[in-house]
Amino acid sequence: MKPVVGIVVSNKMQKSVVVAVDRLFHHKMYNRYVKRTSKFMAHDETDECNIGDRVRLDPSRPLSRRKHWVVADILKRAKMYVAPSAASSSEQDTQTAGIATKSST
């Protein structure tokens, strides 16, 4: 088996991730390209993969009933949304209060 590249869709397990791998093939009767998705369980020793990461999987010996792949490396990290925290909003309030006091004098 050769290495495959896919997107992490689940990381809720300890040291394991589920990776969705897409492939295109040409359908002879319809003369169109068809996309199929396969989901593989893979071993993530450092437990650092997040949902949406693009990873490369290498084949390995069977690690469990469904786990026959190992995460070789993380090719691209997913962009994580960071909500504005309460601390930054309180800093903005103090700055606007300082501006208001300067304009009143």
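Excluded from the calculations below are hydrogen atoms, water molecules and symmetry mates; all remaining heavy atoms, backbone and side chain alike, are included.
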Is there a donor-acceptor contact under 3.5 Å from the side chain of Asp44 to the main chain of Val17? no
Please evaluate residues Val18 and Phe40 with respect to the criterion side-chain contact (heavy atoms from CB on, under 4.5 Å), reporting the C-alpha separation (whole Å), side-chain torsions for both, the decisive distance (0.1 Å), and the verdict. CA-CA 6 Å; Val18 178; Phe40 298 114; over 6 Å; no
Stepwise side-chain contact (heavy atoms from CB on, under 4.5 Å) test for Val55 and Asp73: CA-CA 6 Å; Val55 296; Asp73 60 336; over 6 Å; no
If you compare all heavy atoms of [X] against all heavy atoms of [Y], which two are closest, and at what distance to 0.1 Å?
X: Asp47; Y: Met13; value: OD1-O, 4.1 Å
X: Val21; Y: Gly6; value: CG2-CA, 4.2 Å
X: Ala72; Y: Asp58; value: CB-OD2, 3.2 Å

Hey, are the side chains of Ile7 and Asp53 touching, using non-hydrogen atoms and a 4.5 Å cut-off? no
Close side-chain approach of His43 and Trp69, heavy atoms under 4.5 Å: no
Please evaluate residues Leu57 and Val19 with respect to the criterion side-chain contact (heavy atoms from CB on, under 4.5 Å), reporting the C-alpha separation (whole Å), side-chain torsions for both, the decisive distance (0.1 Å), and the verdict. CA-CA 9 Å; Leu57 302 179; Val19 179; 3.9 Å; yes
side-chain hydrogen bond (donor to acceptor under 3.5 Å, both in side chains) contacts in which one or both residues fall within residues 2-22, not counting sequence neighbours: Lys15-Glu45, Ser16-Lys67, Asp22-Thr37
Counting only heavy atoms from other residues, nucleotides and ligands, does the tally under 6.0 Å from CZ of Arg77 exceed 12? yes
Any chance you could lay out the side-chain contact (heavy atoms from CB on, under 4.5 Å) test for Leu63 and Val70, step after step, and finish with the verdict? CA-CA 9 Å; Leu63 299 169; Val70 174; 4.2 Å; yes
Classify the angle between the aromatic ring planes of His26 and Tyr33 as parallel (below 30°), tilted (30 to 60°) or perpendicular (above 60°). perpendicular
Within this structure, what is the CZ-CZ distance for the pair Arg36 and Arg23, rounded to the nearest 0.5 Å? 7.5 Å
At what distance, to the nearest 0.5 angstrom, does CG of Asn50 lie from CD1 of Ile74? 7.5 Å
Indicate if Leu24 and Val34 have the same hydrophobic cluster label, given that clusters are the connected sets of ILVMFWY residues with side-chain heavy-atom separations under 4.5 angstrom. no
